[in-house]
Amino acid sequence: MSSSGPSSKKQIRQANESTILRAAERVFARAGFEGATMADIAEEAGLPKANLHYYFGNKRDLYRAVLDAVLHDWLAPLTCVTPEADPRAALSEYIRRKMALAAERPDASRVFANELLHGAPVVLDLLRTDLRQQVLDKAAVVDGWMAAGRMARVDSVHLFFSIWATTQTYADFDVQIRAVLGKERLTARDHAAATEHVVNLILRGCGLAA
């Protein structure tokens, strides 16, 4: 029996799209939108250039898909921030997952940061809609925790800005951090120490320190 049915074709498509997106993430982070080429991305992905055009059409469509995927992956950890969750546990989990993303996929953070530094010409609509609504929804959860006396009073929206700033800096400004620490690269131990520092710093500010 042939295994090349619809399910198999779907899996192949998903695998190819994922490979292309990760390769594009690396190339866009390194060269920027203007400097990146579809040929560079195809070489990085180890796939024919025609595959890129088949799945994503053109460079701008692929760039938009990369940014959409990054934003989706950044927002996914927010699922732990719910009204019934323990504030300390939920915020700790969110920060740890953001720090893990910064360590495991620094290029995702860098390509997104570069887009914002250029005025967000491609994703401004997403920032004003999807991102804004997600943050407002989760800020409302934090406001509920504060109203119930479960954590200290803070500006709930700016709390998320602070979390993004402290976590994403380990990707966006990795070279600065390594220079100051006098290291060629950050080890798993370095990332673990940084994670504990950021978690404890944010929790103390929220009155949630152990």
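- Annotation: side-chain hydrogen bond (donor to acceptor under 3.5 Å, both in side chains) contacts of Tyr94 (sequence neighbours excluded): Trp164.
- Nearest heavy atom pair, residue Arg26 against residue Asp107, reads CG-OD2, 3.4 Å.
- Nearest approach of Ser92 to Val199, heavy atoms of both residues: OG-CG1, 3.8 Å.
- Put simply, Ile12 and Leu21 are part of two different groups of oily side chains (I, L, V, M, F, W, Y) that touch within less than 4.5 Å, one to the next.
- Taking every heavy atom of both residues into account, Phe56 and Ala65 meet most closely at CE2-CB, 3.7 Å.
- By the side-chain hydrogen bond (donor to acceptor under 3.5 Å, both in side chains) test, Thr129 is found to be paired with no residue, residues two or more places apart in sequence or in another chain being considered.
- Atom CZ of Arg88 sits about 7.5 Å away from atom CG of Leu208, to the nearest 0.5 Å.
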Under 3.5 Å, which donor-acceptor pairs do the side chains of residues 130-137 form with other protein atoms, sequence neighbours left out?
from   : atom 1 : to     : atom 2 : distance (Å)
Gln133 : NE2    : Asp137 : OD1    : 2.8

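- His158 NE2 to Ser162 OG: the interatomic distance, rounded to the nearest 0.5 Å, is 8.5 Å.
- One finds the CG atom of Leu159 at 13.5 Å from the NZ atom of Lys138 (value rounded to the nearest 0.5 Å).
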>> Under the criterion side chain to side chain donor-acceptor pair (under 3.5 Å), I'd like the reasoning laid out for Asn16 against Thr19: C-alpha separation, chi angles, the key distance, then a yes or no.
In response: CA-CA 5 Å; Asn16 284 341; Thr19 297; 5.3 Å; no

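- Taking hydrophobic clusters as Ile, Leu, Val, Met, Phe, Trp and Tyr residues chained together by side-chain heavy-atom distances below 4.5 Å, Phe173 does not share a cluster with Phe28.
- Tracing side-chain contacts under 4.5 Å through hydrophobic residues (I, L, V, M, F, W, Y), one reaches Tyr54 starting from Leu52; they form part of the same cluster.
- Annotation: side chain of Met151 is in contact with side chain of Val142 (closest heavy-atom distance under 4.5 Å).
- Between Thr195 atom OG1 and Ile95 atom CD1 the span is 10.0 Å, to the nearest 0.5 Å.
- Note that NE2 of His191 is 10.0 Å distant from OH of Tyr170, once rounded to the nearest 0.5 Å.
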>> Let's go through Leu126 and Leu71 carefully: what are the C-alpha distance in whole Å and the side-chain angles of both, what is the deciding distance for side chain to side chain contact (heavy atoms under 4.5 Å, CB included) to 0.1 Å, and is it a yes or a no?
In response: CA-CA 9 Å; Leu126 274 177; Leu71 188 57; 4.1 Å; yes

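- To the nearest 0.5 angstrom, Leu62 atom CG is 9.0 Å from Phe33 atom CZ.
- Residues passing the side chain to side chain contact (heavy atoms under 4.5 Å, CB included) test with His72: none are found, sequence neighbours excluded.
- Linking ILVMFWY residues whenever their side-chain heavy atoms come closer than 4.5 Å, directly or via other members, leaves Leu201 and Val154 in distinct clusters.
- The side-chain hydrogen bond (donor to acceptor under 3.5 Å, both in side chains) search around Arg13 returns Glu17, not counting sequence neighbours.
- At a threshold of 4.5 Å between non-hydrogen side-chain atoms, the residues Glu196 and Arg96 count as touching.
- Leu203 and Phe161 fall within a single hydrophobic cluster, where Ile, Leu, Val, Met, Phe, Trp and Tyr side chains are chained together by heavy-atom contacts under 4.5 Å.
- Each salt bridge (Lys or Arg N to Asp or Glu O under 4.0 Å) pair with one or both residues in residues 45-66, not counting sequence neighbours, appears once here: Arg64-Asp68, Arg64-Asp125.
- Evaluation of the side chain to side chain contact (heavy atoms under 4.5 Å, CB included) rule for Arg30 yields Val27, Glu44 as partners, not counting sequence neighbours.
- With no hydrogens or angles considered, a side-chain donor-acceptor pair links Asp190 and Thr187 at under 3.5 Å.
- Applying the side chain to side chain contact (heavy atoms under 4.5 Å, CB included) criterion to Thr79, with sequence neighbours excluded, gives Arg97.
- Contacts of Arg105 classified as side-chain hydrogen bond (donor to acceptor under 3.5 Å, both in side chains), with partners at least two apart in sequence or in another chain: Glu25, Asp73.
- Here the closest non-hydrogen pair linking Ala42 and Pro48 is CB-C, 4.2 Å.
- Contact record, Ala102 with Ala171: O-CB, 3.7 Å, taken as the closest heavy-atom pair.
- Every residue meeting the side chain to side chain contact (heavy atoms under 4.5 Å, CB included) condition with Asp174, not counting sequence neighbours, appears here in chain and number order: Arg110, Arg178, Leu186.
- Among pairs with a residue in residues 139-155, those fulfilling side chain to side chain donor-acceptor pair (under 3.5 Å) read Asp143-Ser156, at least two apart in sequence or across chains.
- Between Leu78 and Val81 the shortest side-chain heavy-atom distance falls below 4.5 Å.
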Got a list of side-chain donor-acceptor pairs under 3.5 Å for residues 115-122, not counting sequence neighbours?
from   : atom 1 : to     : atom 2 : distance (Å)
Glu115 : OE1    : Tyr63  : OH     : 2.6
Glu115 : OE2    : Val122 : N      : 2.7
Glu115 : OE2    : Val123 : N      : 3.2
His118 : ND1    : Asn114 : O      : 2.8

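- In Glu184, the CD atom is not crowded: 12 or fewer heavy atoms of neighbouring residues, nucleotides or ligands sit closer than 6.0 Å.
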>> Using side chain to side chain donor-acceptor pair (under 3.5 Å), reason through Thr169 and Asp172 one step at a time and then give a plain yes or no.
In response: CA-CA 5 Å; Thr169 194; Asp172 301 342; over 6 Å; no

